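Below: the structure, in structure tokens.
Quick note: numbers below take in every heavy atom, side chains included, and nothing from hydrogens, waters or symmetry partners. As the structure is a computational prediction, the values presented were derived from the model and not from experiment.
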Amino acid sequence: MHSESKSSHWNRRGFLQAGALGFFGLDLPGWLRAQEARPVRPATSKAKACILIYLDGGMSHIDTFDMKPDAPLEYRGEFKTVASRLVGAPVCEHLPRIANILDRCSLVRSLGQRGQGIMGDAHHTGAYYYLTGHVPDVSFGQLALNRKPRGEDWPFIGSVVALKKGTSAALPLVALPDWAHSAEYIRAGQFGGLLGTPYDPFRILGDVDRPSQFTVPNLSLPDDVPASRLQERRSLLERFERDRPLESSAEAYGRHHQRAYSLLSSAVRAGAFDLNREPRRVRERYGNEFNCQSMLMARRLVEAGVPFVSVNWKRNPSDIPGCSGWDTHRANFRCLKNYLLPLLDQGYSALIEDLDQRGLLDETLVVLVSEMGRTPRIGDPRPGGFDGRDHWVHCQTAILAGGGIGRGHILGSSDRTAAYPLTRAVGPEDLAATIYHALGITDLMGQTREGRQVHLLESGEPMHELFA
């Protein structure tokens with residue numbers, strides 16, 4: 001499957017066509033006209049692409065989309081609810097824009113991790129579980145936070161989509177504005193794993209200080225180096241390889257070189273990832289922050305034919321004091337109210353509205369999820385955590401929209417304190433199966449780098465109620 005052939009999964013010809021058409025300059029009309037000129041195959045699904053918005057750190061479900069206003073104060077917290085356009089789904093008062101578009105989405109309120117065993121409630125285990133649909137193996141428990149990505153890991157959901165639907169795409173899989181990671185390590189579950197490094201996401205890096213500008217790490221040519229001298233600058237490609245989190249095989253190494261050459265010659269010098277090319281009103285609607293602008297970049301990418309885009313919410317080093325992204329062990333309400341929720345409210349609502357207005361929502365599946373929820377009872381055992389919420393893997397809320405997902409569904413429910421699923425309990429494997437189902441992927445067999453045939457999702461069933 002991974003041998004060089006005329007039908008390489010990364011489609012070298014597609015990259016060259018993309019460069020010629022200005023794809024990486026995001027000349028979308030030209031690119032889309034070229035797509036329309038291709039032979040049309042019968043549609044097997046409604047969704048042509050998926051945007052996964054991963055809120056790294058663990059969003060507090062009880063303070064956002066599964067609030068319990070009748071629970072005791074030590075559970076419900078200080079936020080009030082507001083009615084949303086989705087009947088039966090009031091949301092946090094600090095999410096007014098999302099409340100106004102929630103009728104275009106569906107909620108899953110009974111999502112929790114199963115089969116945790118010794119893995120506990122760590123970020124890296126939850127991330128792996130949700131990003132691959134597979135229960136973490138014993139190595140995660142033994143190595144704790146030092147468990148780095150490995151070649152034998154199960155592949156990222158997006159990598160499976162790239163394998164199954166990316167053969168005709170110039171760029172099958174993108175991650176932005178960075179990998180999901182803590183201060184010390186990159187989380188496992190975001191890469192091609194046993195499928196091989198050719199199925200790793202292509203990373204586009206966001207800039208905290210320049211939210212509208214994205215770069216290709218280690219692939220930018222110096223100003224004094226013309227494209228004609230690209231072949232002479234092998235050091236650039238060596239830096240590219242050092243940037244890979246997993247070791248490359250010789251075969252994958254060649255593919256990366258081909259990708260690097262194409263991208264360097266047609267994308268970086270063209271300023272492809274500069275969102276200043278978007279109208280100011282559009283950029284301002286999404287919000288002038290790099291996670292929000294990443295959602296705008298995701299829309300541009302799927303509009304240009306990329307099948308899977310992963311938006312990994314990245315902590316801003318200039319977060320308000322005491323805040324650590326969505327990992328709200330301390331100052332849960334202050335961090336949510338003053339920083340996290342306003343950004344999510346603006347960026348996510350803009351993405352859904354933008355896709356809908358452009359006629360793209362029905363064919364673009366948008367999934368918003370974290371690796372965990374937060375404890376129903378306020379108070380974290382860590383120092384200073386009296387107003388925080390700790391990790392909670394047993395229940396959380398995910399939002400799905402577009403791509404054949406019905407509008408206005410609420411699947412499952414939690415108990416009176418949002419601690420455990422009460423009805424229709426589902427797990428990360430079911431979410432993965434739902435994504436594959438929406439994209440029309442029915443054949444989940446894959447081949448490892450060693451040539452072994454494996455089923456890429458061991459368990460899990462699509463949430464069929466969401467498609468009604």
Side-chain angles (χ1 to χ4, degrees), residues 26 28-29 31-54 65 84-87 89 97-108 157-158 160-162 164-166 168-174 278 282 285-286 294-311 347-369 397-411 430-442 462-468:
L26 294 180
L28 295 177
W31 171 254
L32 294 173
R33 282 195 299 271
Q35 292 291 321
E36 290 169 0
R38 292 182 175 183
V40 177
R41 284 186 272 178
T44 57
S45 64
K46 198 162 189 179
K48 296 179 180 177
C50 177
I51 298 173
L52 174 65
I53 302 172
Y54 172 58
F65 299 105
S84 77
R85 288 181 177 270
L86 175 52
V87 177
R97 292 184 177 92
I98 292 180
N100 197 47
I101 57 92
L102 203 59
D103 58 332
R104 310 181 206 188
C105 310
S106 286
L107 299 181
V108 180
I157 293 169
V160 176
V161 174
K164 297 297 182 179
K165 293 185 73 72
S168 61
L171 192 60
L173 174 60
V174 170
E278 283 280 336
V282 175
R285 173 64 183 91
Y286 276 82
S294 293
M295 297 187 202
L296 172 54
M297 178 60 79
R299 186 226 83 201
R300 285 162 61 92
L301 290 168
V302 299
E303 189 175 27
V306 178
F308 200 101
V309 181
S310 178
V311 178
Y348 178 78
S349 64
L351 175 63
I352 298 300
E353 282 186 339
D354 200 3
L355 287 170
D356 206 14
Q357 290 169 1
R358 292 168 182 268
L360 293 171
L361 185 58
D362 285 345
E363 60 187 42
T364 304
L365 174 66
V366 183
V367 179
L368 186 147
V369 73
T397 299
I399 308 178
L400 288 82
I405 296 293
R407 299 187 178 204
H409 292 305
I410 301 174
L411 187 145
D430 302 309
L431 182 63
T434 301
I435 293 172
Y436 297 143
H437 180 75
L439 290 163
I441 299 173
T442 57
M463 294 176 262
H464 292 288
E465 303 97 311
L466 294 177
F467 294 90

Requested in this report: Taking the side chain as every heavy atom from C-beta outward, state whether His437 and Phe467 have any atom pair closer than 4.5 Å.
Outcome: yes

Query - Side chains of Leu431 and Leu400 in contact at under 4.5 Å (non-hydrogen atoms) - result: yes

Query raised in the report: Atom CD1 in Ile405, atom CG in Leu361: separation rounded to 0.5 Å?
Result: 10.5 Å

Query raised in the report: Considering only heavy atoms from C-beta outward, does the side chain of Ile51 approach that of Leu351 to under 4.5 Å?
Result: yes

Query raised in the report: Among all residues two or more places apart in sequence or in another chain, which pass the side chain to side chain contact (heavy atoms under 4.5 Å, CB included) test with Glu353?
Result: Ile101, Arg104, Arg285, Gln357

Query raised in the report: Any side-chain heavy atom of Asp362 sitting closer than 4.5 Å to one from Arg407?
Result: yes

Report summary line: Nearest heavy-atom approach of Gly166 to Pro307 is CA-CG, 4.2 Å

Report task. Could you pull out the closest heavy-atom pair between Ala438 and Ala47, with the gap in Å? Result -> O-CB, 3.2 Å

Query raised in the report: What are the two closest heavy atoms between Thr397 and Phe65, and how far apart are they?
Result: CG2-CB, 3.9 Å

Query - Any donor-acceptor pair under 3.5 Å from Lys165 side chain to Leu439 backbone - result: yes

Query raised in the report: Is Val161 close to Cys50 at the side-chain level, that is, under 4.5 Å between some pair of heavy atoms?
Result: no

Query raised in the report: Say you draw a straight line from CG of Leu355 to CZ of Arg299; how long is it, rounded to the nearest 0.5 Å?
Result: 8.0 Å

Report summary line: To the nearest 0.5 Å, atom OH of Tyr286 lies from atom CD of Glu278 at 8.0 Å

Report summary line: Closest heavy-atom pair, Ile435 versus Leu365, reported as atoms and distance to 0.1 Å, is CA-CD2, 3.9 Å

Report task. For residues Ala298 and Val309, report the shortest heavy-atom separation together with the two atoms involved. Result -> CB-CG1, 3.7 Å

Query raised in the report: Among Lys46, Arg358, Lys48, which one satisfies salt bridge (charged side-chain N to carboxylate O under 4.0 Å, His left out) with Glu363?
Result: Lys48

Query raised in the report: Rounded to the nearest 0.5 Å, how far apart are CD1 of Ile352 and CE of Met295?
Result: 9.5 Å

Requested in this report: Supply the atom-to-atom distance Cys105 SG to Leu466 CG, rounded to the nearest 0.5 angstrom.
Outcome: 12.0 Å

Query raised in the report: Is the closest side-chain heavy-atom distance between Asn100 and Arg85 below 4.5 Å?
Result: yes

Report summary line: To the nearest 0.5 Å, atom CG of Leu86 lies from atom OG of Ser106 at 7.0 Å

